[in-house]
Amino acid sequence: MWVARRVLSSLVKRSQYAGQSGLFCRPQYGSFPELRYLQCTCCWRSRVPVASFETLNANLSSSNESCKDDASRTLDTCYTPEQRDAILQLLNTATPGELAGIKLLRGRKSLNIVEYRTKNGPFKTLESVVNVPLLKHKSAVIVFNSILNPTVKKERKVRIQLAKFIRPEVDKSWLEDASSIVSLICGTNKIAWAHVDRGMSVLDWQQVDCPNFLRGTYMASAYLHDVSSVVALLPSADFYIIEKSSISVQNTALFPIMAHMRAVEAMLFALLEPKNSLPESNIPPRVLNMMRTAVGRHFGLMVGESRTSGAQAVRQLMTESVTQKFPRINFPQDLLVKYRNSFQMGSRRGGEELCDALLQAIAFYELLSDCS
């Protein structure tokens, strides 16, 4: 106990002798009164300058005040006249597709901008942009800065993103040049397809029954007859996108279904791929695989590792096609009439392949746009 008292007494005497209070000591000389010094308790000579709490609090306070000042300023005063003109020019003239390429404007926001300026006229101030639904102050600042400083993504990064849902890996420019695609879904007893163009319009949408599927011992000639009949009906397109199922090879109970899917998939590849499209040639492959799980995640249909029905999503898309000015996808009138009652709860199983074919086509274009 006496040792502790002796040490404490020594510390007090040394502090009084130095004219200081505690370990944090003011410098006797110098022009930086905002600094304190941490005195070494071993030699009592070495001193390390440290920032005072007052200085730290003052810096934090000034930083908070500047944030408050920026938040209170109007959007128009945050940019130069030249910058305001550039932002307004783009927002008033860009198409929904061009707006979707800007950060935060993907999806519904780009359509809201076009709808707002069509109804209310062109934007005259940056502050008026926050009147657009789903686009508030903080989001508007990010959008404006993205317009003024567009980011250029590296091609290699785009390739990696495309490889997440497309096989084999192809050059992005080939896909962007395509005017239309045919999305193909193989079921247990039918094949469905959706022919969709770059403008997100459905050109063809149907399915064909295949009576020889999963019959007997998977006779190659019988399978070839059914698959060839479907290929003969398919419209011409730049790419044919075939769904890659997510059935695991470790699930032995589903092995017959997996073998069936692989057989149909291989025949579609062989019948649709041009003979001159070889790996060593410069001609891109015309038949591609798209991951079923990627489409499911894109539309929020995944529950764990399982994918739920897309019938409700398709019903909503068909409704929006006639109720919205800028729907996600456009249907011709005859197809709306033909399938208006096909995806109700009672008849959902009969149109599952049709639903998946359409959703895969939409996901292809939208995921490709996300990689831009």
Side-chain angles (χ1 to χ4, degrees), residues 180-197 200-215 218 222-237 239-247 257-272 286-292 295-296 298-299 301 307-319 321 328-365:
S180 70
I181 63 166
V182 170
S183 169
L184 285 152
I185 300 295
C186 166
T188 55
N189 60 355
K190 59 177 64 72
I191 295 178
W193 66 88
H195 187 201
V196 181
D197 66 11
M200 299 302 286
S201 295
V202 180
L203 307 178
D204 187 24
W205 189 27
Q206 58 178 299
Q207 65 182 16
V208 171
D209 291 331
C210 301
N212 292 307
F213 283 1
L214 289 175
R215 293 289 182 88
Y218 298 89
Y223 263 64
L224 181 60
H225 177 273
D226 283 357
V227 176
S228 298
S229 300
V230 171
V231 170
L233 299 175
L234 293 180
S236 177
F239 290 98
Y240 295 89
I241 314 299
I242 302 174
E243 180 188 69
K244 189 73 172 179
S245 65
S246 55
I247 300 176
I257 302 296
M258 187 190 69
H260 157 73
M261 295 292 189
R262 294 293 183 266
V264 178
E265 178 186 336
M267 288 186 177
L268 287 172
F269 264 86
L271 294 172
L272 291 172
R286 192 169 69 165
V287 187
L288 305 171
N289 267 137
M290 188 163 185
M291 308 304 152
R292 177 177 173 83
V295 180
H298 185 69
F299 285 97
L301 302 177
R307 178 171 154 179
T308 58
S309 171
Q312 182 177 353
V314 171
R315 289 198 301 270
Q316 182 178 351
L317 290 169
M318 295 175 71
T319 302
S321 179
R328 198 167 177 180
I329 189 165
N330 299 288
F331 295 86
Q333 188 68 25
D334 59 330
L335 289 180
L336 284 174
V337 173
K338 181 178 179 180
Y339 295 120
R340 60 184 176 182
N341 297 321
S342 298
F343 310 117
Q344 303 302 322
M345 294 300 294
S347 59
R348 188 177 64 183
R349 295 300 301 173
E352 203 66 34
E353 290 82 3
L354 274 172
C355 293
D356 290 350
L358 180 67
L359 296 179
Q360 180 173 261
I362 298 173
F364 173 84
Y365 281 120

- Item | Distance-only polar pair, side chains of Ser180 and His195, donor-acceptor under 3.5 Å | yes

- List the steps, then state whether side chain to side chain contact (heavy atoms under 4.5 Å, CB included) holds for Leu354 with Val314. CA-CA 9 Å; Leu354 274 172; Val314 171; over 6 Å; no

- Test ring pair (Phe, Tyr, Trp, His ring centres under 6.0 Å) applied to Tyr339 - qualifying residues, sequence neighbours left out: Trp205

- Note on the structure: So side chain to side chain donor-acceptor pair (under 3.5 Å) across residues 228-237, not counting sequence neighbours, yields none

- Query: About how many Å separate CE of Met261 and NZ of Lys244, when rounded to the nearest 0.5 Å?
  - Reply: 11.5 Å

- Item | Nearest non-hydrogen partners of Ala311 and Cys355, listed with the distance | CA-SG, 3.7 Å

- Specify the closest pair of heavy atoms between Gln360 and Leu184, including all atoms of both residues, with the distance to one decimal. NE2-O, 3.5 Å

- Task: Apply side chain to side chain contact (heavy atoms under 4.5 Å, CB included) to the pair Leu358 and Phe331, showing each step before the final yes or no.
- Result: CA-CA 11 Å; Leu358 180 67; Phe331 295 86; 3.5 Å; yes

- Item | Side-chain touch Glu265/Asn289, heavy atoms, less than 4.5 angstrom | yes

- Could you tell me whether the side chain of Phe213 reaches within less than 4.5 Å of the side chain of Lys190, counting heavy atoms only? no

- Message: Working to the nearest 0.5 angstrom, can you tell me the gap between Leu335 CG and Asp204 CG?
- Response: 7.0 Å

- Item | Chi angles and distances behind the side chain to side chain contact (heavy atoms under 4.5 Å, CB included) call for Leu272, Val231 | CA-CA 7 Å; Leu272 291 172; Val231 170; 3.8 Å; yes

- Message: Within the 4.5 Å heavy-atom criterion, are Gln206 and Trp193 side-chain neighbours or not?
- Response: yes

- Going by heavy atoms in the side chains, are Glu243 and Val295 under 4.5 Å from each other? no

- Message: Within the 4.5 Å heavy-atom criterion, are Ser183 and Val196 side-chain neighbours or not?
- Response: no

- Task: With the side chain counted from C-beta on, respond yes when Met258 and Ser245 share a heavy-atom pair under 4.5 Å apart, and no when they do not.
- Result: no

- Item | Distance-minimising heavy-atom pair for Ala237 and Val182 | CB-CG2, 3.6 Å

- Note on the structure: To the nearest 0.5 Å, atom CD1 of Ile181 lies from atom CE of Met290 at 8.0 Å

- Task: Any chance you could measure Ile362, atom CD1, to Met200, atom CE, to the nearest 0.5 Å?
- Result: 5.0 Å

- Between Ala313 and Leu359, what is the shortest heavy-atom contact and its length? CB-CD2, 4.3 Å

- Taking all atoms of both residues into account, what is the closest heavy-atom pair of Gly187 and His260, and its distance? O-NE2, 2.9 Å

- For Ile329 and Val202, what are the C-alpha separation, side-chain angles and deciding distance, and is it a side chain to side chain contact (heavy atoms under 4.5 Å, CB included)? CA-CA 7 Å; Ile329 189 165; Val202 180; 3.6 Å; yes

- Query: Got a second to check how far Asp356's CG is from Ile185's CD1, nearest 0.5 Å?
  - Reply: 5.0 Å

- Hey, does Val208 have a side-chain heavy atom less than 4.5 Å from the side chain of Asp226? no

- Task: Measure from the side-chain N and O atoms of Arg328 to the backbone N and O of Leu317, and report whether any donor-acceptor pair falls under 3.5 Å.
- Result: no

- Query: Just by distance, do the side chain of Ser342 and the backbone of Gly351 share a donor-acceptor pair under 3.5 Å?
  - Reply: no

- In this structure, CZ of Arg286 is separated from CZ of Phe269 (nearest 0.5 Å) by 12.0 Å

- Message: To check you understand the geometry: which heavy-atom pair defines the closest contact between Cys186 and Ile191, and what is its length?
- Response: CA-CG1, 4.4 Å

- Query: Is there side-chain contact between Cys210 and Val230, with at least one heavy-atom pair below 4.5 Å?
  - Reply: yes

- Query: Do any pairs count as a salt bridge (charged side-chain N to carboxylate O under 4.0 Å, His left out) and have a residue in residues 330-343, sequence neighbours left out, and if so which ones?
  - Reply: none

